[in-house]
K.L.:
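Can you keep this structure in mind? I'll have questions shortly.
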Protein chains: 2
Amino acid sequence: MKVSGNQIIERLKDKRLKVTPQRIAVLEALYTLDSHPSVEKIIEYIKKTYPNIAIGTVYKVLDVLVENQLIHRVKTEKDIMRYDGKLENHHHLYCSESDRIEDFIDEDLDDMLNEYFIKKGIAGFEIEEIKLHIKGKFKDMQ
Amino acid sequence: MKVSGNQIIERLKDKRLKVTPQRIAVLEALYTLDSHPSVEKIIEYIKKTYPNIAIGTVYKVLDVLVENQLIHRVKTEKDIMRYDGKLENHHHLYCSESDRIEDFIDEDLDDMLNEYFIKKGIAGFEIEEIKLHIKGKFKDMQ
DNA sequence: TCTTTAATGAGAATTATTCTCTTTTAAATA
DNA sequence: TATTTAAAAGAGAATAATTCTCATTAAAGA
């Protein structure tokens, strides 16, 4: 996920958020780190270039970014929160043994699901977003 | 979800688990409580008939039941764990405003998804289970 | 009934997350 | 550019869900 510094600033400005080094650092971490890092991993990464950042600030920044839909929260069966900087619609592959999460993008699948639910609907419920959570095992033991 | 006391005992025995009053009480709570209760709700319910149960015991029992696949963990974007006693394949409807979760069962949908993934597969990943997480709003404000 | 092994109870410990309050800073305005 | 001000960050205490420890109890097989 390559996102330049200017793009990060643009994204913050688009949401009318103050552009602070801390916010940039958190987004930068999310765009750089492999995938779906925990707060701990995010802090670890940021501290390399910004050793004095306060942990509470990272939590607060993450909250603000989620509220403004610049990132998403992701939860697995383990009990810490993880974050996802990918904005396009995607699903998740998850292996509970390794707690590894990978993104899964499949437009054909999305089309099929949209068509299905437009036709069928769900009584008493207004659908906003459909995400698949696909559990299983990764074949390469990365 | 009507599950009798005998059925509960059978389910524990099938998994070669010792049948203890605490385990029965936790399963009983899960089968009785509306849907997807938190540990707090489970404890609250059990304490009515079993005021001295230890909180740590409830957590441990829940772990054992999850390990043995008698129940499932469910996570939302809020940060406490919730549990689900339903064993049949089902999806979740979720409203983030109210943090309410409802089950969604649709065999046609499951058939369609199974067919799709049997045909297509996912490179490097062995699928074990597919769950939809459908976000939106409940129309009745229950 | 006896024995063994596993489960429970009680409460301390841990730890992710939130909160409070003071200081600092981004950015709008003069 | 300097000033102003509302919002953000820093520091660390507080909270609360969950886990851990270890002594006690109980389930279930012999």
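Every chain is numbered from 1 and lettered A, B, ... according to where its sequence line falls, protein lines coming before strand lines.
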K.L.:
Relative to the 5' end of DNA chain D, which residue comes earlier, A:Leu17 or B:Pro21, by the nucleotide with the nearest heavy atom?
P.N.:
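Looking at DNA chain D, the more 5' nearest nucleotide goes with A:Leu17.
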
K.L.:
Starting at CZ of B:Arg73 and ending at C1' of D:dT19, how long is that distance when rounded to a whole Å?
P.N.:
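Computing the B:Arg73:CZ to D:dT19:C1' distance gives 12 Å.
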
K.L.:
Is it true that the NZ or CZ of A:Arg100 lies under 6.0 Å from the centre of A:Phe138's six-membered ring and within 45 degrees of the ring axis?
P.N.:
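Yes, cation above the ring, under 6.0 Å and within 45°.
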
K.L.:
Measure from the ring center of B:His133 to the ring center of B:Tyr94 and say whether it is less than 6.0 Å.
P.N.:
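B:His133 vs B:Tyr94: aromatic centres under 6.0 Å.
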
K.L.:
Starting from the C-alpha separation in whole Å, work towards a yes-or-no answer on side-chain hydrogen bond (donor to acceptor under 3.5 Å, both in side chains) for B:Tyr50 and B:Gln22.
P.N.:
CA-CA 9 Å; B:Tyr50 197 148; B:Gln22 292 85 348; 2.8 Å; yes

K.L.:
Taking the side chain of A:Tyr59 as heavy atoms from C-beta outward, which of D:dT19, C:dG9, C:dA16 is closest to it?
P.N.:
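Closest nucleotide to the A:Tyr59 side chain: C:dA16.
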
K.L.:
Nearest nucleotide by nearest heavy atom, which residue falls closer to the 5' end of DNA chain C, B:Asn52 or B:Arg23?
P.N.:
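Result of the comparison: B:Arg23.
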
K.L.:
Given C:dT17, D:dA28, D:dG10, which nucleotide is nearest the side-chain atoms of B:Val19?
P.N.:
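Closest nucleotide to the B:Val19 side chain: D:dA28.
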
K.L.:
Grab the CZ-P distance between B:Arg16 and C:dA6 for me, whole Å please.
P.N.:
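Going from CZ in B:Arg16 over to P in C:dA6 covers 15 Å.
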
K.L.:
Taking the side chain of A:Met81 as its heavy atoms from C-beta onward, which of C:dT17, C:dG9, C:dT8 lies nearest to it?
P.N.:
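Nearest to the side chain of A:Met81 among the choices is C:dT17.
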
K.L.:
How many Å lie between CD1 on A:Ile46 and P on D:dA9, as a whole number?
P.N.:
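These atoms are roughly 11 Å apart.
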
K.L.:
Could you state the atom-to-atom distance from CD1 of A:Ile53 to P of C:dT24 in whole Å?
P.N.:
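Rounded to the whole Å, the gap is 17 Å.
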
K.L.:
Determine the contact category for A:Val61: base if any of its heavy atoms lies under 4.0 Å from a base atom, sugar-phosphate if only primed atoms, P, OP1 or OP2 are that close, otherwise nothing.
P.N.:
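Sugar-phosphate, no base atom in range.
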
K.L.:
For the pair made of NZ in A:Lys47 and P in D:dA9, what is the distance, rounded to whole Å?
P.N.:
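In whole Å, D:dA9 P and A:Lys47 NZ are 15 Å from each other.
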
K.L.:
When you measure from the side chain of A:Val39, which nucleotide among C:dT17, D:dA9, C:dG9 comes out closest?
P.N.:
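Looking only at side-chain atoms, A:Val39 lies closest to C:dT17.
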
K.L.:
Looking at C:dT8, I'd like to know if its phosphate oxygens (OP1 or OP2) sit under 4.0 Å from a side-chain N or O belonging to B:Tyr50.
P.N.:
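No, outside the criterion.
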
K.L.:
Between B:Ile55 and B:Thr20, who's closer to the 5' end of DNA chain D by nearest nucleotide?
P.N.:
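It is B:Ile55 whose nearest nucleotide is closer to the 5' end.
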
K.L.:
How long is the line joining CG of A:Leu62 and C1' of C:dT17, in whole Å?
P.N.:
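It is 11 Å, rounded to the nearest whole Å.
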
K.L.:
Toward the 5' end of DNA chain C, which comes first, B:Lys60 or B:Gly56, by nearest nucleotide?
P.N.:
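Counting from the 5' end, the first nearest nucleotide belongs to B:Lys60.
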
K.L.:
What's the closest nucleotide to the side chain of A:Lys18 if the choices are C:dG9, C:dA26, D:dA28?
P.N.:
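Shortest atom-to-atom distance from the side chain points to C:dA26.
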
K.L.:
Which value, rounded to the nearest 0.5 Å, describes the distance between B:Asp110 atom CG and B:His90 atom NE2?
P.N.:
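Output value for this atom pair is 11.0 Å.
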
K.L.:
Separation of A:Asn68 atom CG from D:dA8 atom P, in whole Å?
P.N.:
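It is 10 Å, rounded to the nearest whole Å.
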
K.L.:
Does this structure show an ion pair linking B:Asp108 with A:Lys120, if we count only N-O contacts that are shorter than 4.0 Å?
P.N.:
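Result for this pair is yes, salt bridge flagged.
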
K.L.:
Under 4.0 Å between a side-chain N or O of B:Gln22 and OP1 or OP2 of D:dA26?
P.N.:
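For D:dA26, OP1/OP2 do not have a side-chain N/O of B:Gln22 under 4.0 Å.
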
K.L.:
Roughly how many Å is it from CD1 in B:Ile42 to P in D:dT18, rounded to a whole number?
P.N.:
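Checked: the CD1 to P distance equals 10 Å.
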
